[in-house]
Colleague: 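I'd like to ask some things about the structure below.
All values below come from the heavy atoms of this structure, side chains included, with hydrogens, waters and symmetry mates left out. Quick note: residue numbers are just sequence positions, from 1.
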Amino acid sequence: MKNKLLDLPTELLDLVFQRLDFRSLLRCTQVVCHRMHSILEGSALLQYQTKLASTGKRDNPCCSWSTSVRLKKLEVYQEAWDNLRWSNNVLSFPVSNVSLWELVGGVLALYNVTQHSFRFIQLPSAHRGVDHREWQFNLDIDIGRGDFTIDPSTDLMIIVNRVSADNAVSAVFKTYFLSLTTGRPHTKAQSSEIQIEIPQLAESWYHEIKVFDNHLAVLFTTDFGVTELVVCSWNTGKVLKRLKNVMSFAFLTSTLIVLNDIVGRSDIALEIIDVYDEPVSCCLHLPEPTLGYGIADLEMVTESPRAPIIQQSNIPFTASLEDRLLVINYRLEDSRSRERNHAIFVPVSVLLNHHRRSQPNQPIPWTDWGPNDTRILPVSFSGIWVCYVHGMRASVYEPAKKVFQIFDFSQLGLAYDLVKGDKRPQTQYLTGRTVLLESVFTERTLSCLPVRISTGTFPLESVEAVMLTEDALLAATVSLFSDLFCPGL
């Protein structure tokens, strides 16, 4: 009876193996069984599953291509990233009349302030078979005093717009839930719009809008630094939580938000809250800047929405959902307004693990979690709003050196390169400790999360900043910030 599995025909065994992840397949190759070895050793299936895992991808079960064809496309795709090899088809998007833009899930959205129109571009991928597609529509809503975001995975566009007068005692904002493809009210929203009132007098407001599944969070900030975070369900329109004095935030899951509140605090910490629960469920301390420096800004960036569900049969793979990278961007300033910028890179899975193990009212010191689970580097991300994080990667451009860097924190991919002895060209493998001395932080700060850092140049001039997607880098040019270029990989 114990050999019943191996008594199956090879064709049926192939179907069984296709249901296994790469770790299970590797364990099968270690079993002392000649027949199992003969089926799996050198098989395209094992190579494909291993390559998917090491590159942070997942298979599209709807794809009609054979495993061998998918493997070949994945190898070509990854070789383009490893060697930063540009495609010949470089797209350009003039944005001289564009006041707002967004980049999520491979879709670039541009708002023309003079025409009150939206233009959407699905960025193509030659290696993954994603078609170049564009559409646009006009709205009666003037969002000159607002902002917007999109989520292609749910066909959602959210607009937040101030409708109250500048001198009103309270600011009133209308929030619209629309279809990304048509501009009409979203069919899954019980109400196409809700109204949010902030009891604060201010002439100018800034908005940070993030959405994850059916939850929306908006950070409202006045021109003199007063903030309020409002969290709601866009399906029901119900406001779930309101928090004051929040500096920055990000979704970890659909219901967990990490935020930073340094107003009135003597320490700096990340707080993790549940949108349906009142108390802070986890608190993790961050390194304290030395007395000579104050925090001018602290920004948290990750890609919140899940990747769109793949329906096209010609797309073989897409980004894995197992983990994402969170970048905590410190902008420090001394008494002479001189800046020292640092970034903390941490996988979302690390924060979730500490959240699960945390005890109420017991903050976790930096020394108990930061040194082993993060990497701190002296990095200056652009002051221009750009989406520079995707999956486990982050990108930064240095205009003075005219080079960009891609920080890849895929731990399995890095280990795979080192075991195979197949290091990427133009790539630094940083596996030792990073030590920041007391000149910046109050104590010597260690971090050692392994990372691959690739360096390259653009086939373009006058680049100001870069944005990162699954398939390409988008370069924003410096000449009046008038164009976005997409050199596909």
Colleague: Between the side chains of R375 and T434, is a donor N or O closer than 3.5 angstrom to an acceptor N or O?
Modeller: yes

Colleague: Determine the interplanar angle of the F251 and F212 rings, folded into 0 to 90°, and report it as parallel if under 30°, tilted if 30 to 60°, perpendicular if over 60°.
Modeller: tilted

Colleague: H207 vs F220 aromatic rings, parallel, tilted or perpendicular, using cut-offs 30° and 60°?
Modeller: perpendicular

Colleague: Distance only, no hydrogens: is a donor on one side chain within 3.5 Å (strictly under) of an acceptor on the other, for E470 and T318?
Modeller: yes

Colleague: Applying salt bridge (charged side-chain N to carboxylate O under 4.0 Å, His left out) as the test, list every pair that has at least one member in residues 175-193; sequence neighbours left out.
Modeller: K174-E193

Colleague: Keeping the roles fixed (side chain from D142, backbone from G144), state whether a donor-acceptor pair exists under 3.5 Å.
Modeller: yes

Colleague: Does the Lys NZ or Arg CZ of R119 fall within the cation-pi geometry relative to W101 - under 6.0 Å from the ring centre and within 45° of the axis?
Modeller: no

Colleague: Are E303 and R324 close enough for a salt bridge, meaning some N to O gap below 4.0 Å?
Modeller: no

Colleague: Would you indicate whether the side-chain heavy atoms of L284 and H354 approach each other to under 4.5 Å?
Modeller: yes

Colleague: Is a salt bridge present between E322 and K57, judged by a nitrogen-to-oxygen distance below 4.0 Å?
Modeller: no

Colleague: I'd like to know if E333 pairs up with R338 as an ion pair, taking the criterion as any Lys NZ or Arg NE/NH1/NH2 lying under 4.0 Å from an Asp or Glu carboxylate oxygen.
Modeller: no

Colleague: Can you tell me how far OG of S454 sits from CG of L84, rounded to the nearest 0.5 angstrom?
Modeller: 5.5 Å

Colleague: Give me each pair satisfying ring pair (Phe, Tyr, Trp, His ring centres under 6.0 Å) with a member in residues 142-162, each pair once, sequence neighbours excluded.
Modeller: F118-F148

Colleague: Please say whether the positively charged group of K210, taken as NZ for Lys or CZ for Arg, lies over the ring of F249, i.e. under 6.0 angstrom from the six-membered ring centre and within 45 degrees of the axis.
Modeller: yes

Colleague: Rounded to the nearest 0.5 Å, how far apart are NE2 of H342 and CZ of R331?
Modeller: 14.5 Å

Colleague: So how far is it from I453 CD1 to T455 OG1, rounded to the nearest 0.5 Å?
Modeller: 7.5 Å

Colleague: Ring centroid separation for F407 and Y388, is it under 6.0 angstrom?
Modeller: no

Colleague: Roughly how far apart are K238 NZ and C232 SG, rounded to 0.5 Å?
Modeller: 11.5 Å

Colleague: Can you see whether D471 engages T469 through a side-chain donor-acceptor pair at a distance of less than 3.5 angstrom?
Modeller: no

Colleague: Take a 6.0 Å sphere around CG of N361 and say whether it holds more than 12 heavy atoms from other residues, nucleotides or ligands.
Modeller: no

Colleague: Taking H186 for its side chain and T154 for its backbone only, find out whether a donor-acceptor pair lies under 3.5 Å.
Modeller: yes

Colleague: Can a donor-acceptor pair be found, under 3.5 Å and without considering hydrogens, that links the side chain of W205 to the backbone of N161?
Modeller: no

Colleague: Could you tell me whether a side-chain N or O of W234 sits under 3.5 Å from a main-chain N or O of D213, the two making a donor and an acceptor?
Modeller: yes

Colleague: With a 3.5 Å cut-off and no angle check, do the side chains of D151 and S153 form a donor-acceptor pair?
Modeller: yes

Colleague: Kindly compute the distance separating OG (S204) from CZ (R162), expressed to the nearest 0.5 Å.
Modeller: 7.0 Å

Colleague: Would you check if the side chain of S410 reaches a backbone N or O of M392 as a donor-acceptor pair within less than 3.5 Å?
Modeller: no

Colleague: Any side-chain heavy atom of F317 within less than 4.5 Å of one from R128?
Modeller: yes

Colleague: Can you spot which of I143, V113, I159 makes a side chain to side chain contact (heavy atoms under 4.5 Å, CB included) with L100?
Modeller: I143

Colleague: Nearest 0.5 Å, what's the CG-CG distance between D274 and L252?
Modeller: 11.0 Å

Colleague: Report yes or no: do S117 and N112 form a side-chain donor-acceptor pair below 3.5 Å?
Modeller: no

Colleague: Please find the pair of heavy atoms, one from Y330 and one from I268, that lie closest to each other, and give the distance.
Modeller: OH-CG2, 4.3 Å

Colleague: Are L377 and L430 close enough that some pair of their side-chain heavy atoms sits under 4.5 Å apart?
Modeller: yes

Colleague: Using side-chain heavy atoms (C-beta onward) and a distance below 4.5 Å, is F173 in contact with E197?
Modeller: no

Colleague: Excluding sequence neighbours, so at least two apart, what forms ring pair (Phe, Tyr, Trp, His ring centres under 6.0 Å) with F409?
Modeller: F345

Colleague: Determine the minimum heavy-atom distance between F137 and L180, stating which atoms define it.
Modeller: CE2-O, 3.4 Å

Colleague: Please step through side-chain hydrogen bond (donor to acceptor under 3.5 Å, both in side chains) for the pair N97 and T114, ending with a clear verdict.
Modeller: CA-CA 7 Å; N97 291 321; T114 59; 4.7 Å; no

Colleague: Measuring only between side-chain heavy atoms, which start at C-beta, is V327 closer than 4.5 Å to I344?
Modeller: no

Colleague: Does either side chain, that of S248 or that of N260, offer a donor lying less than 3.5 Å from an acceptor on the other one?
Modeller: no

